[in-house]
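As structure tokens, the structure follows; a few thoughts come after it.
We number each residue from 1, following the sequence as shown. Just the heavy atoms: all of them, side chains too, but no hydrogens, waters or symmetry mates, feed the values below.
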Amino acid sequence: MDETSVRLAASHPPRVGCELGRPVFFVGFMGAGKTSTARKLARTCGIASVDIDTYLERREGMHVKELFAEVGEDGFRAIETDVLRVLAAKEPLLVSCGGGVVLCPENRAVLKEKGFVVYLQVTADEAASRIRDVSTRPLFLDLDTARATIEERLPLYEEVADAIVDTAGKGVAAIAREVRGVLEREGILWQRK
């Protein structure tokens with residue numbers, strides 16, 4: 001995907017000028033608010049954001065669910081790894097990752113080496129209440145499976161996290177404000193002069 005396509009996948013034009021010192025990757029289970037938080041932060045700070053799944057769908061010409069059906073989870077994860085590497089090499093962006101990005105050791109290495117990782121925590125019950133259409137989520141089969149999946153992935157999310165933000169009971173604006181505070185304190189995000 002070329003630079004113009006990245007801009008198309010990025011957020012709306014900036015309102016306030018901020019800069020990122022390095023890519024910021026949002027990880028967590030589906031429904032944690034990764035994409036919504038990245039978009040909100042992008043709009044309020046005037047920086048670009050991109051969703052890995054959206055980028056991947058545009059590049060591959062099919063939806064995630066279709067990719068899973070066609071190439072299986074392993075094939076999907078290989079494509080996801082390639083997209084992660086591409087985005088990590090670009091100008092610093094806010095990057096919302098798919099919930100399973102941490103499953104691949106290579107992805108965990110890219111996340112830790114190339115950017116600042118924000119883990120947005122969510123319970124399976126809260127995730128279920130936030131996801132309007134689970135049919136678009138090939139791995140959200142039922143609540144018990146979601147609980148087990150979160151439990152299984154928890155050590156991996158924690159392994160890559162530079163910051164952990166609990167999203168329970170919080171709206172997108174509150175989560176974005178909290179993340180912005182973390183990024184400013186860490187020197188990752190600052191106002192343009």
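- Contact of the Ile47 side chain with the Ser49 side chain is not registered, since no non-hydrogen atoms from C-beta on lie closer than 4.5 Å.
- Rounded to the nearest 0.5 Å, atoms OG1 (Thr81) and CZ (Arg77) are 8.5 Å apart.
- Contact check for Leu154 versus Tyr119: side-chain heavy atoms found under the 4.5 Å cut-off.
- The CG atom of Leu20 sits 8.5 Å away from the CD1 atom of Ile188 when rounded to the nearest 0.5 Å.
- In this structure, Leu111 and Phe25 approach most closely via the heavy-atom pair CD2-CG, 3.4 Å.
- One finds the CD atom of Glu159 at 4.0 Å from the NZ atom of Lys112 (value rounded to the nearest 0.5 Å).
- Atom CD of Glu178 sits about 9.5 Å away from atom OG1 of Thr167, to the nearest 0.5 Å.
- Within the 3.5 Å criterion, the main-chain N or O of Gly98 finds no donor-acceptor partner in the side chain of Lys34.
- One finds the CG atom of Asp74 at 11.5 Å from the CD1 atom of Ile79 (value rounded to the nearest 0.5 Å).
- Closest non-hydrogen pair, Ala176 versus Lys40, comes out as CB-CG, 3.7 Å.
- In this structure, CG on Leu94 lies 11.0 Å from OG1 on Thr35, to the nearest 0.5 angstrom.
- Heavy atoms only, all atoms of each residue included: Ala42 and Ala48 are closest at CB-C, 4.3 Å.
- Within the 4.5 Å cutoff, the side chain of Val27 has no heavy atoms near those of the Leu120 side chain.
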Going through the checks in order, is the side-chain contact (heavy atoms from CB on, under 4.5 Å) test met by Phe26 and Val179? CA-CA 10 Å; Phe26 291 88; Val179 170; 3.8 Å; yes

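- Ser96 contributes no side-chain N or O that, together with a main-chain N or O of Ala38, makes up a donor-acceptor pair within less than 3.5 Å.
- A donor-acceptor pair is defined here as one N or O able to donate and one able to accept, closer than 3.5 Å; no such pair exists between the side chain of Arg192 and the backbone of Gly17.
- The two residues Ala88 and Val110 have their closest heavy-atom pair at CB-CG1, 3.9 Å.
- For the pair Lys170 (side chain) and Asp166 (backbone), a donor-acceptor distance under 3.5 Å is present.
- When the options Val172, Asp51, Leu41 are evaluated for a side chain to side chain contact (heavy atoms under 4.5 Å, CB included) with Ser36, the one that passes is Val172.
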Test side-chain contact (heavy atoms from CB on, under 4.5 Å) on Leu87 and Val50 and set out the steps. CA-CA 9 Å; Leu87 294 175; Val50 65; 3.9 Å; yes

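- Within the 3.5 Å criterion, the main-chain N or O of Arg180 finds no donor-acceptor partner in the side chain of Arg185.
- No donor-acceptor distance shorter than 3.5 angstrom exists from the side chain of Glu57 to the backbone of Met62, with no hydrogens or angles considered.
- Put simply, the side chain of Asn107 never gets that close to the backbone of Val102: no donor and acceptor are under 3.5 Å apart.
- Contact check on Arg59 versus Asp82 returns a salt bridge, with a Lys/Arg side-chain nitrogen under 4.0 Å from an Asp/Glu carboxylate oxygen.
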Give the C-alpha distance, both sets of side-chain angles, the deciding distance and a yes or no for side-chain contact (heavy atoms from CB on, under 4.5 Å) between Glu80 and Leu56. CA-CA 7 Å; Glu80 184 179 55; Leu56 186 150; 4.2 Å; yes

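- Put simply, the side chain of Ile150 does not reach to within 4.5 Å of the side chain of Thr123, judged on heavy atoms.
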Glu184 and Trp190: side-chain contact (heavy atoms from CB on, under 4.5 Å), yes or no, with the steps? CA-CA 6 Å; Glu184 288 173 343; Trp190 60 87; over 6 Å; no

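- Using a 4.5 Å heavy-atom cutoff, the side chains of Arg153 and Phe29 are in contact.
- No side-chain heavy atom of Tyr157 sits less than 4.5 Å from a side-chain heavy atom of Ile164.
- The side-chain heavy atoms of Val182 and Phe116, taken from C-beta on, include a pair separated by under 4.5 Å.
- In summary, Glu151 and Arg147 do not engage in a salt bridge, as defined by a charged side-chain N under 4.0 Å from a carboxylate O.
- Proximity of Cys45 to Leu189: side-chain heavy atoms (C-beta onward) are separated by under 4.5 Å at one or more points.
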